[in-house]
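Quick note: numbers below take in every heavy atom, side chains included, and nothing from hydrogens, waters or symmetry partners.
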Amino acid sequence: MVKLTDAEQAMLEGDSGAATQWIKDYYKEDGGDYRAVFSRFDLDSDEVVDVPRMNAFSCHLQGGMDPMLWQEQGMTEAAHDNFVADEQSVADHGIQILKTCTPYLAGNVPVMGEHCAWMESSAVVFANSVIGARTNCEGRESTSAAMLAKRIPDFGFHRDDYRKGHHGVDVRVPVDSIFEWGMLGYFVGDAVQDTIPVITGNVSDASLIRHKHFGAAAASSGGVEMYHMVGITPEAPSVEHAFGGPARGDIFIYDEAARKRIYETLNSVGNSEDVDYVMLGCPHYSIEQIAQAAALIEGRKVHENSALWVFTSRAVKATADANGYTRILRDAGAYLMTDTCSAISQAVPKGTKVAALDSAKQVHYLPAMMGIEGWYGTTAECIDAACTGKWKGKLA
Amino acid sequence: MSPESMNILDKPRAVITGRPVVPGVAEGEALVTRETISGWGGVNPMTGTVIESRHELKGQSFANKVLVFPGAKGSSGWSGIFHMAKLRGMSPVAMVFNIMTTKAALGAVVMRTPTVTDCDQDPLDIIRTGDWVRVDGDAGTITVWDKKPD
């Protein structure tokens, strides 16, 4: 039985918050009413409740469209009106308008040991593994409850014993670039599913963007919510520490054959070499990645049969604007967009049949969701595809 | 009707005992997979159809069936998508899964669908697609017939 403090008991009884005071007769079946939507979808309440300001420090994850380029994304005026009204409600409730899957690049950075209630599988795996913060992979309804209650069940990744490795992964080929880290992540998720892998061997050149890509991939092909890289991540100074004792479970070998198989798997939804859309920014690009993309495309033009959309957060875009990267991309015929991505908004350039992507996560999801073909390759291969309209990617 | 009161021909093939996740009793035709399921990006909530590339259930709908699966994977949008499927009338009538995670538990809770986990026998070995299955989320029992009892 959970023991409640006096304050928690009062919360349960509805003394302290309007959230537990049911207000009827406001529910509108046609939606658009923030309270109705929040009550039904976010709190799983059949009755419409008045929603107070959030009690916990809360940040909005991805949104549905770019606040400026929504028409280019094919959004209707009515959808945009909803977007504006919704954003005002979110702000009025004290939720920060970060609108990103990479909150840790936009001002929401937990510290080691901090207890969080996060959604977004790529951010959850980053928080647990790279930072050492503690969060389960919450959902829409449980994060909403946590925003109000400032409480989350003390279960799973909040507990020391739950954060120990289950299986080993032995890396026998060099994994030293973001492209290789992404493929390794996809392999690991497929191998260990929703358990915790302990990765040893030939992994090098760790950086924020490589972890970002690795974790997103592992959380897509499997349900990895935490990983240990021995000598790299903070809770894995040694194999024994990572497992909480002797190594256990299976050992999955990532060798040249496995690498080749993963590359082929990621490219199994590609057939036509005529690329009409290139999407970068899954998870949302960091300023380092935007700088790299701008350098790769400066002086070139996106092909008339293709399109290039790059996604990031508003916070990072402010820096890209200041550095001139947004203009370089625009001059080349590309867009730097914020808030969303093609998978979240289900928005691709009109008539898209074949996409090229530098994200293992995005190639996992986008073709399935949109019924299109998809290629996975390096950022440089993707930008070449955008500028030539042709896919020439191959495994080196 | 309890299993005991049925005609001998309606004797269940198996009874599995597990831990209740969401209370209530529901029954229906089983849809079984050995592959974990993505919610967001893996399921179309308007039809309850699995859409993930290369998934063994791709193109099949779990709407109004008893979904028997190892566990949830992928996006944190798992509960949101299954929640939407519920509101569209396209959710499973009951669920049985092996691996407890926040995603699967929250999805079951917001669908308010009788759900059992931590079974004494592996339900993936016992239950076949097309079996008739009753999930008792109060008692934590799963009763399996070859076909719907008369």
Side-chain angles (χ1 to χ4, degrees), chain A residues 40-46 61-62 101 117-125 135-145 152-153 155-158 189-190 193-195 216 218-225 265-266 268-269 343-344 346 361-371 373-374, chain B residues 19 21-22 33-47 49-60 69-88 91 97-113 117 124:
Chain A
R40 192 72 181 277
F41 279 104
D42 298 82
L43 294 176
D44 188 29
S45 166
D46 291 333
L61 80 172
Q62 305 92 298
C101 51
W118 278 21
M119 284 186 71
E120 172 49 41
S121 60
S122 73
V124 165
V125 68
T135 178
N136 289 312
C137 195
E138 299 292 344
R140 181 173 182 154
E141 303 82 359
S142 58
T143 49
S144 299
I152 198 76
F155 153 80
F157 287 98
H158 296 284
D190 186 50
Q193 287 293 308
D194 50 7
T195 61
S220 302
S221 57
V224 175
E225 295 172 15
T265 301
L266 286 167
S268 64
V269 287
I344 290 284
Q346 304 207 7
K361 174 175 182 170
Q362 194 70 202
V363 83
H364 178 90
Y365 284 119
L366 189 65
M369 294 176 80
M370 305 301 291
E373 294 181 24
Chain B
R19 184 163 66 89
V21 178
V22 175
T33 177
R34 288 197 167 270
E35 296 181 2
T36 50
I37 293 179
S38 278
W40 182 90
V43 162
N44 177 351
M46 299 303 162
T47 57
T49 306
V50 173
I51 60 167
E52 184 182 344
S53 307
R54 305 183 303 275
H55 198 284
E56 67 178 6
L57 291 187
K58 187 177 178 186
Q60 294 188 60
F69 63 115
K73 74 169 172 184
S75 167
S76 58
W78 210 94
S79 65
I81 290 293
F82 275 79
H83 196 170
M84 201 178 292
K86 171 72 176 190
L87 296 177
R88 297 280 305 185
S91 59
F97 60 79
N98 287 338
I99 306 157
M100 173 57 87
T101 56
T102 301
K103 279 174 227 164
L106 183 62
V109 167
V110 299
M111 283 194 290
R112 308 172 193 184
T113 290
T117 190
L124 300 177

ask   = OG/A/Ser142 to CE/A/Met119 distance, rounded to the nearest 0.5 angstrom?
value = 7.5 Å
What residue, out of [options], has the most heavy-atom pairs lying under 4.5 Å from chain A?
| options | result |
| --- | --- |
| B/Asn44, B/Ile51, B/Thr36, B/Val110 | B/Val110 |
| B/Ile99, B/Leu87, B/Val109, B/Thr102 | B/Thr102 |
| B/Arg54, B/Glu52, B/Met84, B/Lys58 | B/Arg54 |

Measure [X] against the heavy atoms of chain B and call it side chain, backbone, both or neither at under 4.5 Å.
| X | answer |
| --- | --- |
| A/Gln193 | side chain |
| A/Ala343 | both |
| A/Ile344 | both |
| A/Phe155 | side chain |
| A/Ser220 | backbone |
| A/Gln346 | neither |

request  = Taking atom types as modelled, find out whether B/Ser76 and A/Glu120 have a side-chain donor-acceptor pair closer than 3.5 angstrom.
outcome  = no
inquiry  = Report which part of B/Ser38 has an atom under 4.5 Å of a heavy atom belonging to chain A: side chain, backbone, both, or neither.
reply    = side chain
Per-residue contact mode, B/Ala105 against chain A (heavy atom under 4.5 angstrom) = neither
query = Highest number of heavy-atom pairs under 4.5 Å with chain B: which of A/Val124, A/Thr195, A/Thr265, A/Val269?
reply = A/Thr265
query = Is any side-chain N of the basic residue among A/Asp194 and B/Lys103 closer than 4.0 Å to the acidic one's carboxylate O?
reply = no
